[in-house]
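To keep things clear, I will list the structure first and then write my remarks on it.
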Amino acid sequence: MAESQPELHAMRHSLAHIMATAITRQWPEVRLGVGPVVENGFYYDVDLGDKQLSEEDFAAIEAEMKKVIGENQPFERFTKPVDEAIAWAQEAHQPYKEELLNDLKRSGTTVAKELDAEELGIAAEGDSKVAEVSFYKNGDFTDLCRGPHVESTGKVGAFKLMRISGAYWRGKEGNPQMQRVYGVAFATEKDLRTYLNMLEEAKKRDHRKLGQELDLFVFSDLVGSGLPLFTPRGTVLRNELTKFAESLRAVSGFQRVSIPHITKTDLYKVSGHWDKFGEELFLVKSQETSDAFALKPMNCPHHNQIYAARPRSYRDLPIKYFETTTVYRDEKTGELGGLSRVRSISQDDSHAYCRPEQVGDVVGDLVGDVQTLYSTLGMSLRARLSFRDSSDKYLGEPQLWDEAQSTIRSLAEKNSLDYFEAEGEAAFYGPKIDFMATDALGREHQVATIQLDFVQPERFSLEYVAEDGSTKRPVMVHCALLGSIERFLSVYIEHTAGKFPVWVAPEQIRLITVNQEDETVGFARKIEEQAIALGLRIVVDNDNESVGKKIRNAELMKVPYTVVIGQKEIETGELVPRIRKDIEVNENHDSHTFDEFLKTVANEAKSRVSKTSL
RNA sequence: GCCGCUUUAGCUCAGCUGGUUAGAGCAUCAGUUUUGUAAACUGAGGGUCGUCGGUUCGAAUCCGACAAGCGGCUCCA
């Protein structure tokens, strides 16, 4: 979905100016922040003092924007010496612009990230880094701007204002809060409609909505925000996905371990997490001892203690532990939402301890597992190789880093990953591979990750005895295939729109009885028993409702196979299954005996085929 | 945590500018019906209108605080 055409970029940028023009016409006292292009559109940060914009103002702003567009004002570029520009900003009562200009003058950039925190917004003194700055003018509206723009306001394609939100000036808490008005924009009316339709579709698939409709999970005010409770159906979903992930682990030689969900806080003082993530810890108080406890926010330190419990030989390595377990993080309330961001995070977590020369094999296996998992789920993958840059924030021996990074790079080649390298994205403790999965709507989500860790083995003094009798440090490899299972479910529910393939479907077959007579219900029960014996998830619907109504209910619950049972089926022992539309059927299901039908479905489930077209 | 919006029955929603016993559809329950591939019929139960406080003769309706949800910001080992 990346839009990279320079023209479209210019259109969006110009629309930001046009919106600022429109807002300035209506509220001349407006103080403007920045108005950049973002994915799919643009925004402008505005400060209207006491006046709070709301979405009700959109109609008026859009109308005014259309007027500006209709006026087809040319965008004129001109430059001013930087000091004149500052004077202009002061005169125009644009303090935010003035601040930007001062940054430009002093540092040659306005990018907050590139400026030291204490430098931000300080008036410039002495020599200027830039001599001149550029402006764009359309009609009466003039704005400090690097450009580029379209020729004139008439040439901006199609747009729509979308929403409004609070945003700190320059993203810094403590700075004045501005209002950010977002719009989307595309080259043509048609592209805009396509995009809006995609949003509609995404809304229909929203996992929170489907979670409610398909009875997958709930929240309770009494339990608390960010703590999802999984219903029987939702639990099936979770379990099938984790079972699959776990089965891949077993093949790669991981051993299952099991740890408590709390620990003395001392553990995190040793690991170093206490200082870095202390605020995210849920603290637990003992009424018995004076020790301070915490709910675990990650599993590695616990797993490390299993490794450290006895001397390890180079011959034992790699030692690989895995576990599907839940960690708890006291996320800020404003960050929580559906299953995407929760406070109880289940992970299919693993830690492998290996000799440096084994890193390639260990990571290679994991990369293979990630590929198998996501191709089975019908999602394409992209990998980001997160390496270090030249700064000194990274711990561990540089030589280890270099070797590991080149190992990772060659693995990416060998596994023909669709990858790119990102310098400076590594964790301070080691390089990593982050996987992004693309869903059915073309949205990309960060999912699995494989991280090398040179630091924790050091902190916990993890060792093994080498061939020559010396003591050495193992390298640790963290990996979660699904990542956060809750977040993964949110992605997967939206990817499939709730039409789960047979192997994950909470209910695979629904039997609908035509009436409630003993003979009919008895027959259905017998089929149910057979199905259960084959490991299938089946439900008999013998409610006192019309067949049409019961079909409808099964359809709404997106059950893959529905079978109506009446006199005909009892007499012939054959059935005509009703098959959910997205399921591609190779075999001829038309005239099956119940026995054959159940076996076919059981095989489909067992082989984890996803014969669905999403 | 910050800004804005929202919160009425299990679900989806109505309830005009504060004024008598707060409504609907679906769901639930009961009865009738014994049903053939996307909604049978009749009836009943169910809400201290998110919570607490305030204004008022009177609050679902106005104000405040808190909580939860939503959209963003920020953060994300």
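Chain letters run A, B, ... following the sequence lines, proteins first and then strands; every chain starts at 1. Any value given below was found using the heavy atoms of this structure, including those in side chains, with hydrogens, waters and symmetry copies removed.
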If we take the [atom1] atom in both [N] and [M], what is their distance in whole Å?
{"N": "B/A59", "M": "B/G64", "atom1": "C1'", "result": "15 Å"}
{"N": "B/C13", "M": "B/A60", "atom1": "P", "result": "22 Å"}
{"N": "B/U8", "M": "B/C49", "atom1": "P", "result": "12 Å"}
{"N": "B/U61", "M": "B/C76", "atom1": "P", "result": "41 Å"}
{"N": "B/G19", "M": "B/G23", "atom1": "P", "result": "14 Å"}
{"N": "B/A27", "M": "B/A9", "atom1": "C1'", "result": "11 Å"}
{"N": "B/U56", "M": "B/G18", "atom1": "C1'", "result": "9 Å"}
{"N": "B/A40", "M": "B/C52", "atom1": "C1'", "result": "47 Å"}

Is the distance from OP1 or OP2 of B/C73 to the nearest side-chain N or O of A/Y182 less than 4.0 Å?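 Result: yes.
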At 4.0 Å (heavy atoms only), tell me whether [X] reaches a base, stays on the sugar-phosphate, or touches nothing.
{"X": "A/F219", "result": "nothing"}
{"X": "A/G337", "result": "sugar-phosphate"}
{"X": "A/G338", "result": "sugar-phosphate"}
{"X": "A/F428", "result": "nothing"}

Figure out the [atom1]/[atom2] separation between [X] and [N], and round it to whole Å.
{"X": "A/W274", "N": "B/A77", "atom1": "CH2", "atom2": "C1'", "answer": "16 Å"}
{"X": "A/K393", "N": "B/A77", "atom1": "NZ", "atom2": "P", "answer": "11 Å"}
{"X": "A/Y44", "N": "B/C73", "atom1": "OH", "atom2": "C1'", "answer": "18 Å"}
{"X": "A/L336", "N": "B/A68", "atom1": "CG", "atom2": "P", "answer": "9 Å"}
{"X": "A/E280", "N": "B/C75", "atom1": "CD", "atom2": "C1'", "answer": "8 Å"}
{"X": "A/D215", "N": "B/C26", "atom1": "CG", "atom2": "P", "answer": "21 Å"}
{"X": "A/M436", "N": "B/C76", "atom1": "CE", "atom2": "P", "answer": "18 Å"}
{"X": "A/L222", "N": "B/A67", "atom1": "CG", "atom2": "C1'", "answer": "12 Å"}

Report, as yes or no, whether the 6.0 Å neighbourhood of atom CG on A/N197 holds more than 12 heavy atoms from other residues, nucleotides or ligands.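 Correct, the count exceeds 12.
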Partner of A/D206 by salt bridge (Lys or Arg N to Asp or Glu O under 4.0 Å), out of A/K203, A/R208, A/K204, A/K209: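 The option that passes is A/R208.
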Can you tell me the pairing partner of [N] across any strand shown, Watson-Crick or G-U wobble, with both distances under 3.5 angstrom?
{"N": "B/G4", "value": "B/C70"}
{"N": "B/A65", "value": "B/U51"}
{"N": "B/A14", "value": "none"}
{"N": "B/G43", "value": "B/C29"}
{"N": "B/U34", "value": "none"}

Taking the six-membered ring where the residue is Trp, are the ring centres of [X] and [Y] under 6.0 Å apart?
{"X": "A/F454", "Y": "A/Y429", "value": "no"}
{"X": "A/F428", "Y": "A/Y394", "value": "no"}
{"X": "A/Y561", "Y": "A/F597", "value": "yes"}
{"X": "A/Y353", "Y": "A/Y307", "value": "yes"}

Parallel, tilted or perpendicular: which one describes the rings of A/H303 and A/H351, with boundaries at 30° and 60°?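 Perpendicular: the ring planes of A/H303 and A/H351 meet at over 60°.
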If the threshold is 4.0 Å, N to carboxylate O, is there a salt bridge linking A/R388 and A/E423?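 No.
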Is there a donor N/O on one and an acceptor N/O on the other, under 3.5 Å, for the side chain of A/Q451 and the base of B/A77?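 Checked by distance alone, the answer is no.
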Taking the minimum atom-to-atom distance to the side chain of A/R341, which one of B/A68, B/U12, B/C75 wins?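 Within the option list, the nearest is B/C75.
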Out of curiosity, A/R510 CZ to A/T562 OG1, how far, rounded to the nearest 0.5 Å?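 Interatomic distance, A/R510 CZ to A/T562 OG1, rounded to 0.5 Å: 7.0 Å.
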Heavy-atom protein contacts under 4.0 Å, nucleotides 34-41 of chain B, coded B base, S sugar-phosphate only, - none: BBBBBBB-
